[in-house]
Amino acid sequence: GRAAEGKHPIQFVKEVPWNIPFPDYLNDLNAMQAAVRNLPPDFSKPDEFLVNQVISTMKGNHIGNGLLYLILCERLDIPIQPIQIPGQFVLAYFKPDLISESPTINGSRIEYFIEPASGQVFTQRDVDAYFQRVPLTLDKQFLTPQNNIETIAHVLGEMSHCFDNEKEAFKKQELEELSSMLKLSI
């Protein structure tokens with residue numbers, strides 16, 4: 001996770017292509033997201049992962065901001081869920097009537113992708129280009145929506161990197177154990 005972040009960021013489209021339905025409420029969410037300052041990943045600041053801190057300080061890292069985006073979308077019944085692209089925290093807008101079907105490699109269930117820290121939208125073509133630049137093969141699992149338990153396990157795993165020093169090693173171990181236990185329960 002952590003090593004790939006920032007090395008090969010997904011390149012975003014400059015504007016949403018006309019053939020992608022981009023609902024007005026997402027423009028409103030992106031305006032809200034613009035008010036929250038996105039900070040580069042800094043694993044010395046675990047508070048930037050916490051939604052309550054993102055709300056109170058109006059700043060957070062890509063994961064904290066993404067969690068806030070997810071909560072708002074869930075409250076508004078917008079079919080956006082995180083997907084499992086390694087080294088990224090990416091959200092996908094799923095066709096509402098197809099969200100429970102199995103994923104396809106070409107992303108036909110996904111209308112578009114959102115980088116939640118900035119609200120930037122990108123297409124399947126952008127994701128394909130990303131996988132051509134990184135040493136990974138596009139796999140169906142990368143386009144599978146994460147449920148809440150998987151998302152929490154992912155966040156705990158990423159947050160554990162905040163405690164890489166010897167003094168706080170017990171926190172790292174506890175977060176990794178919690179993440180592992182959640183993954184086993186899926």
Side-chain angles (χ1 to χ4, degrees), residues 1-10 29 32-33 35-76 78-94 99-100 103 110 113-120 127 130-131 134-186:
R2 181 170 68 151
E5 289 178 32
K7 283 181 106 174
H8 304 282
I10 294 175
L29 281 171
M32 178 284 309
Q33 198 68 14
V36 177
R37 199 168 116 211
N38 182 47
L39 302 171
D42 182 349
F43 290 96
S44 69
K45 298 179 179 175
D47 284 357
E48 294 174 3
F49 285 85
L50 306 174
V51 174
N52 65 322
Q53 292 297 319
V54 172
I55 292 170
S56 67
T57 63
M58 294 301 287
K59 59 185 176 182
N61 64 25
H62 63 296
I63 293 177
N65 292 351
L67 292 172
L68 178 58
Y69 202 103
L70 276 174
I71 291 167
L72 293 171
C73 287
E74 184 176 317
R75 301 284 297 179
L76 295 169
I78 300 170
I80 290 179
Q81 291 184 282
I83 56 173
Q84 303 174 40
I85 296 178
Q88 306 286 329
F89 192 75
V90 176
L91 306 178
Y93 180 90
F94 286 84
I99 201 161
S100 62
I110 298 172
F113 303 85
I114 301 169
E115 197 287 317
S118 67
Q120 289 288 328
V127 171
Y130 169 76
F131 278 99
V134 297
L136 291 171
T137 303
L138 181 57
D139 188 300
K140 284 184 182 183
Q141 78 177 23
F142 300 152
L143 302 177
T144 302
Q146 290 183 319
N147 63 35
N148 290 341
I149 293 173
E150 291 168 318
T151 301
I152 293 167
H154 173 76
V155 171
L156 291 174
E158 288 295 309
M159 193 175 184
S160 73
H161 297 296
C162 295
F163 305 103
D164 280 340
N165 60 56
E166 194 174 311
K167 182 179 176 184
E168 298 180 310
F170 71 97
K171 291 180 183 178
K172 180 182 182 82
Q173 182 180 353
E174 287 177 1
L175 288 169
E176 288 173 342
E177 287 173 8
L178 286 170
S179 178
S180 294
M181 286 190 301
L182 287 171
K183 288 176 184 175
L184 290 175
S185 73
I186 301 171

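All figures in this text were calculated on a predicted structure; none of them were measured in a lab.
- Across Cys162 and Lys45, no two heavy atoms sit closer than the pair SG-C, 4.4 Å.
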Passes side chain to side chain contact (heavy atoms under 4.5 Å, CB included), Met159 versus Leu50? Steps please.
CA-CA 10 Å; Met159 193 175 184; Leu50 306 174; 3.7 Å; yes

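- Annotation for Gly60 and Val54: closest pair CA-CG2, 3.9 Å, computed over non-hydrogen atoms.
- The shortest heavy-atom contact between Gly157 and His161 is O-CD2, 3.5 Å.
- Summarising the geometry of Ser160 relative to Asp164, their closest heavy-atom pair is O-OD1, 4.2 Å, with the distance given to 0.1 Å.
- Atom CG of Leu182 sits about 11.0 Å away from atom CG of Asn148, to the nearest 0.5 Å.
- Annotation for Glu177: atom CD counts as buried by contact number, over 12 foreign heavy atoms lying within 6.0 Å.
- Glu48 CD to Phe43 CZ: the interatomic distance, rounded to the nearest 0.5 Å, is 10.0 Å.
- In this structure, Leu70 and Pro116 have side chains that are not in contact, with every pair of non-hydrogen atoms separated by 4.5 Å or more.
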Given the rule in the side chain to side chain contact (heavy atoms under 4.5 Å, CB included) test, do Phe94 and Ile83 qualify, once you have shown the distances and angles that lead to the verdict?
CA-CA 11 Å; Phe94 286 84; Ile83 56 173; 3.8 Å; yes

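- Glu174 places none of its side-chain heavy atoms less than 4.5 Å from the side chain of Phe163.
- Across every non-hydrogen atom of Glu150 and Ile186, the tightest pair is CG-CD1, 3.1 Å.
- To the nearest 0.5 Å, the span separating CD on Glu158 from CG on Leu175 amounts to 11.5 Å.
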Please lay out, stage by stage, how Tyr93 and Ile78 fare under the test side chain to side chain contact (heavy atoms under 4.5 Å, CB included).
CA-CA 8 Å; Tyr93 180 90; Ile78 300 170; 4.0 Å; yes

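- To the nearest 0.5 angstrom, Asp139 atom CG is 9.5 Å from Gln84 atom CD.
- In this structure, the side chain of Glu176 does not engage the main chain of Gln173 through any donor-acceptor pair within 3.5 Å.
- Between Asn65 and Phe89, every side-chain heavy-atom pair lies at or beyond the 4.5 Å cut-off.
- The distance from the CD1 atom of Ile85 to the OG1 atom of Thr144 is 11.0 Å, given to the nearest 0.5 Å.
- With rounding to the nearest 0.5 Å, the separation of CG in Leu91 from CD in Glu115 is 8.5 Å.
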Could you walk me through whether Phe142 and Val90 satisfy the side chain to side chain contact (heavy atoms under 4.5 Å, CB included) test, starting with their C-alpha distance in whole Å, then the side-chain angles of each, then the deciding distance to 0.1 Å, before giving a yes or no?
CA-CA 10 Å; Phe142 300 152; Val90 176; over 6 Å; no

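- Between Ile110 and Leu143, the shortest heavy-atom distance links the atoms CD1-O, 3.9 Å.
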